[in-house]
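Numbered from 1 within each chain, the chains take letters A, B, ... in sequence-line order.
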Amino acid sequence: MHRSHHCAQLTKSDLGATVSLLGWVDSIRDHGGIIFVDLRDRKGITQVKFDSSLREQAAHLKDESVIGISGKVEVRPADMVNKNLPTGEVEVDATELEVHNISDTPPFPLDDAGGDKVNEDLRLTYRYLDLRRPKMRKNLLVRHKATKSIRDYFDGQEFIEVETPALFKSTPEGAREYLVPSRIHPGQFYALSQSPQQFKQILMVAGVEKYFQIARCFRDEDLRADRQMEFTQVDVEASFVTREDIYALFEGMLKKLWQDVLGTDIQTPFLRLAFQDAMNRFGVDKPDMRFGLELADFTETFRTSGFKVFASTATSGGAVKALNAKGLADLTQGEIAKLEETAKSLGAKGLAFIKVEGGEWKSPIVKFFSAAEKAALTERLGIAEGDMVFFAAAPWEKACAILGRIRLEAAQLLVKRGKLTIRPDDWKFLWVIDFPLMSYDEERGAYAATHHPFTAPVPEDAALLNSDPKKVRGQHYDVVLNGMELGGGSIRIHQPALQKKVFEDVLKIPADVVESRFGYLLKAFTYGAPPHGGIAFGLDRMVALLCGTTSIRDVIAFPKTQKGQDLMAQSPTPVTPKQLKELHIATVMPE
RNA sequence: GGGGUGGUAGCUCAGUUGGUUAGAGCGUCUGCCUGUCACGCAGAAGGUCGCGAGUUCGAGUCUCGUCCAUCCCGCCA
């Protein structure tokens, strides 16, 4: 039997036509003398009626069985129309039934409401059933539309998609890599590419000028809701571009993407925020701009304070920051304790606060504050009845990070109380710029690249590379949406001498190591490397946002669990001694 | 590597201070039913309380260990 229509197609205009449909049994309603079957395919649902000799056969169907039917399109009685279905005005009176496969009873409900509540390990074990749910089907479709939109956009801008190898060489300074043993070269390994970074720069040297790729990347780091061991990056690089060119290019892509997938017009150009300002005002380098609750700095106010905890932090180079969670004075003991725990997990000794209730500042620390200090707080934080003010005193970056996190949790608590609305479809895009090129790695006792070692310094800061590396800003940019880092990129170093200097003099990588790891790149740069820059962003995260979900597992057809297992196919698995021998590998099990 | 939450019927969950035969809804099965669309009605089956120790006269409940899922920290140039 061949299908003449899909299951979202039939309307009153098809009345009287003989049609055939193929699909899955979505539900059966057996009334004895008459049986209704909702037949589902990837397009929708059509009601099929069995009241003829086929009734007996239809009674033996089970949900999720695959059948084909043919019959005549009939109009439903007026009061039997199902307004929830596009095909709800009609039904098919079956005259033929072909049963392809009777399904076993599914291990969990396949409707959206029921399926959402099911434990994820069960959904992953039976992923092929999970993907039958309308929501998951929609997510796959959104992902397809998104990748198509992106490809169309870059094609329209005359970018070409070039594939780069997944099997690359090991470069241990970045993320931990997946190693692939070489059979032909005993004892040697490839690494699965963490990103096409070096290849795309080589492509610029090759004169491609405008490159993009929807590339699979691999990182052997611990998994999260927004991190999988293999994930997809949209990778872009162009020659003869400035930061402004990249901003405009990428904003154009996002504008088209949001239009194509959601039909939403997003505002461009995006807001821009320097890293310093992002940290100072929001306590994080990827601020959620959908609400205020900004941090304020009181380091100077408390430098000579009678409250020794704040004063000593201020005089020893740290920062005293405060945040007014407006209207949150009704926090419960438990909620305060939880916030305190959050602060402690980020290295705070405690979480000082002032609760403004009944015209009074209720706080264990306020008795140490002078009148001038109180006045400064009131004025700059706009403290009023019903407010809750939190403090952090620590080294600058830590103080920011602590209150940045408290800001997010306070916002959630305000949402819970109906005092704040944060809409998931309120798209607040943002460029974060002027990151420091280097940061000092205490553990290694050396500078490390904040982004990656190929990022070019801001020209006017380049002179500081020798004298004060941490003051040098990089030509790096991150694009942030609603508190999530979508991606980032930079203008690259294209002069071999400068690149070598960064590797050897600033990052202190020994010359022979630089040569063995990056020699080919430096060599390529000596043959006429154009100035170039680009950006890369996580497709999975972007699609998750477009689908309104927080877990990228919901937009990946076959994701792995947090322990890196595929519960359906059951990987990883041990391999045979023969395989290992062929690869010159011996395994050593942990104790 | 560390912290939080969870694991009881096929699914989602309840289970009081440690105490009789571990419950509910949905699903499944059987029967009835010609207008349902979350069909309805009547009935039934279904349990290694994640696993392993321990405490106790007695453990789903308390303790320790362990496994799995998930969220977070570290990590992710």
Side-chain angles (χ1 to χ4, degrees), chain A residues 26-39 45-52 55 59 62-64 74 76-85 87-88 91 93 104-126 129 171-177 194-195 197-198 217-229 231 338 341-342 344-347 401 405 408-409 435 437-439 441 443-444 447-455 474 476 485 488 490 502-503 507 509 517-518 536 538 550-551 553 560-563 565 567:
Chain A
D26 199 70
S27 73
I28 305 166
R29 293 175 293 281
D30 185 345
H31 290 252
I34 187 168
I35 294 173
F36 297 103
V37 169
D38 281 347
L39 189 62
I45 282 175
T46 298
Q47 176 166 283
V48 180
K49 180 180 74 171
F50 295 91
D51 61 356
S52 62
R55 196 192 52 74
K62 287 173 54 113
D63 286 355
E64 296 306 317
E74 291 180 348
R76 298 199 199 179
D79 52 339
M80 300 302 162
V81 167
N82 185 343
K83 294 183 198 70
N84 299 320
L85 288 180
T87 60
E91 64 197 7
D93 185 12
D104 282 350
T105 303
F108 58 89
L110 301 189
D111 62 290
D112 280 341
D116 278 349
K117 291 167 79 179
V118 173
N119 270 325
E120 204 171 348
D121 52 347
L122 193 68
R123 288 173 53 201
L124 290 173
T125 305
Y126 297 91
L129 297 180
T171 52
E173 40 277 315
R176 195 181 300 116
E177 302 161 316
Q194 309 168 30
S195 91
Q197 180 63 37
Q198 293 176 52
C217 304
F218 306 85
R219 291 182 191 170
D220 187 5
E221 296 293 349
D222 285 352
L223 281 61
R224 290 279 197 286
D226 60 354
R227 275 157 44 184
Q228 281 274 305
M229 50 205 289
F231 63 100
K338 208 156 182 196
E341 209 170 290
T342 301
K344 281 183 177 165
S345 76
L346 293 172
R405 182 69 90 75
L408 292 179
E409 295 199 10
F435 283 85
L437 187 65
M438 308 285 166
S439 48
D441 184 345
E443 249 175 68
R444 276 181 60 240
Y447 284 97
T450 308
H451 179 48
H452 60 49
F454 313 110
T455 302
H476 170 62
E485 183 193 323
S490 61
V502 167
F503 281 141
L507 299 176
I509 304 174
R517 280 190 202 142
F518 303 108
T550 51
S551 168
R553 290 188 298 275
K560 292 184 178 60
T561 68
Q562 200 164 43
K563 285 225 163 53
Q565 289 184 292
L567 294 178

*Euclidean distance for C1', B/G46 against B/C11 (whole angstrom)*: 13 Å

*Could you check which of B/C76, B/C72, B/C68 has an atom nearest any side-chain atom of A/Ala225?*
B/C72

*What is the pairing partner of B/C62, taking Watson-Crick or G-U wobble pairs with both distances under 3.5 Å in any strand?*
B/G54

*asked:* Checking contacts here: which listed nucleotide (B/C37, B/G10, B/C68) is nearest the side-chain heavy atoms of A/Pro107?
replied: B/G10

*asked:* Taking the basic N atoms (NZ, or NE/NH1/NH2) and the acidic carboxylate oxygens, is any pair closer than 4.0 Å for A/Glu221 and A/Arg227?
replied: no

*Between A/Val37 and A/Phe50, is a side-chain contact (heavy atoms from CB on, under 4.5 Å) present by the stated rule, with each step listed?*
CA-CA 8 Å; A/Val37 169; A/Phe50 295 91; 3.6 Å; yes

*Going by 5.5 Å between centroids and 30° between planes, is there a stack of A/Phe108 over B/C11?*
no

*Report which part of the nucleic acid A/Arg405 touches: base, sugar-phosphate, or nothing (heavy-atom distance under 4.0 Å, all strands).*
sugar-phosphate

*For A/Leu122, report the nucleic acid contact type (base, sugar-phosphate, nothing); a contact means any heavy atom under 4.0 Å.*
sugar-phosphate

_Tell me which nucleotide, if any, is Watson-Crick or G-U wobble paired with B/A69 when both distances must be under 3.5 Å._
B/U5

*salt bridge (charged side-chain N to carboxylate O under 4.0 Å, His left out) assessment of A/Asp38 paired with A/Arg29*: CA-CA 9 Å; A/Asp38 281 347; A/Arg29 293 175 293 281; 3.1 Å; yes

*Options B/U12, B/U70, B/U36, nucleotide nearest the side-chain atoms of A/Leu124*: B/U70

*In this structure, which one of A/Arg176, A/Arg219, A/Glu177 forms a side chain to side chain donor-acceptor pair (under 3.5 Å) with A/Gln194?*
A/Glu177

*Derivation and outcome, side-chain contact (heavy atoms from CB on, under 4.5 Å), residues A/Leu567 and A/Arg123*: CA-CA 9 Å; A/Leu567 294 178; A/Arg123 288 173 53 201; over 6 Å; no

*Is there a donor on the side chain of A/Asp63 or the base of B/G27 sitting less than 3.5 Å from an acceptor on the other?*
no

_Pairing partner of B/G31 (Watson-Crick or G-U wobble, both distances under 3.5 Å)_ = B/C41

*Could you tell me whether A/Gln228 contacts a base, only the sugar-phosphate backbone, or nothing, with contacts defined as non-hydrogen atoms closer than 4.0 Å?*
nothing

*asked:* What's the gap between B/G31 and B/A69 when it is taken at their C1' atoms, as a whole Å value?
replied: 41 Å

*Just checking A/Asp121: base, sugar-phosphate only, or nothing, at a heavy-atom cut-off of under 4.0 Å?*
sugar-phosphate

*From B/U12, B/G35, B/A69, pick the nucleotide closest to the side chain of A/Lys117?*
B/U12

*Which nucleotide in the set B/U36, B/C71, B/C76 lies at the smallest distance from any side-chain heavy atom of A/Ala175?*
B/C76

*asked:* Expressed as a whole number of angstroms, how long is the span from A/Arg76:CZ to B/C39:C1'?
replied: 13 Å

_Suppose you measure atom P in B/U12 against the same atom in B/G6; what distance do you get, rounded to whole Å?_
15 Å

_Sugar-phosphate only, base, or nothing, as touched by A/Thr450 at under 4.0 Å among non-hydrogen atoms_ = sugar-phosphate

_With rounding to the closest Å, how many angstrom separate the P atoms on B/G52 and B/C67?_
15 Å

*Angle class for the A/Phe503/A/Phe454 ring planes (parallel below 30°, perpendicular above 60°, tilted otherwise)?*
perpendicular

*A/Thr561 and A/Asp121: side-chain contact (heavy atoms from CB on, under 4.5 Å), yes or no, with the steps?*
CA-CA 8 Å; A/Thr561 68; A/Asp121 52 347; 5.8 Å; no

*For the side chain of A/Glu91 and the base of B/G35, is some donor closer than 3.5 Å to an acceptor across the two?*
yes

*Could you work out which one of B/C76, B/C68, B/G74 sits closest to the side chain of A/Gln565?*
B/C68

_Which nucleotide wins on minimum distance to the side chain of A/Ile34, given the candidates B/A69, B/U36, B/U34?_
B/U34

*Can any side-chain N or O of A/Ser439 pair as donor or acceptor with the backbone N or O of A/Thr450 at less than 3.5 Å?*
no

*Tell me whether the OP1 or OP2 atom of B/C29 has a side-chain N or O from A/Lys62 closer than 4.0 Å.*
yes

_B/A69 phosphate, OP1 or OP2, under 4.0 Å from A/Thr561 side-chain N/O_ = yes

_Any N/O donor-acceptor pair, A/Arg227 side-chain to B/C76 base, under 3.5 Å_ = yes

_Distance between P atoms of B/G58 and B/U21 (Å, rounded)_ = 15 Å

*Touch check for A/Asn82, heavy atoms < 4.0 angstrom, all strands: base, sugar-phosphate only, or nothing?*
base

*If you measure from the P atom in B/U61 to the same atom in B/A9, how many Å do you get, rounded?*
15 Å

*Would you kindly give the CG-to-P distance between A/Asp93 and B/U34, to the nearest whole Å?*
16 Å

_Please report the distance separating the C1' of B/A44 from the corresponding atom of B/G27, rounded so that it comes out in whole Å._
14 Å

_Rounded distance (Å) that lies between atom P of B/A38 and atom NE2 of A/His31_ = 11 Å

*Just call it for A/Lys563: base, sugar-phosphate, or nothing, with non-hydrogen atoms closer than 4.0 Å on any strand.*
sugar-phosphate

*asked:* Measure CD/A/Glu74 against C1'/B/U36 and give the value in whole Å, please.
replied: 15 Å

*Mind checking the P distance from B/G47 to B/G23? Whole angstroms is fine.*
13 Å

*Taking CD from A/Gln562 and C1' from B/C76, how many angstroms apart are they, rounded to a whole number?*
14 Å

*Take atom CG of A/Asp30 and atom P of B/A38, then tell me their distance rounded to the nearest Å.*
17 Å

*Counting any heavy atom closer than 4.0 Å, what does A/Pro109 reach on the DNA or RNA strands: base, sugar-phosphate only, or nothing?*
sugar-phosphate

*Within less than 4.0 Å of OP1 or OP2 of B/C73, is there a side-chain N or O belonging to A/Arg224?*
yes

*To the nearest Å, how far apart are A/Arg553 CZ and B/A69 P?*
10 Å

*OP1, OP2 of B/C33 versus side-chain N and O of A/Arg29: anything below 4.0 Å?*
no

*Taking only side-chain nitrogens and oxygens of A/Asn119, does any of them come within less than 4.0 Å of OP1 or OP2 of B/U12?*
yes

_Rounded interatomic separation in angstrom, taking CD1 from A/Ile28 and P from B/C33_ = 18 Å

*asked:* On a heavy-atom basis, which atom in A/Phe231 and which in A/Phe218 lie closest, and how many Å separate them?
replied: CE2-N, 4.4 Å

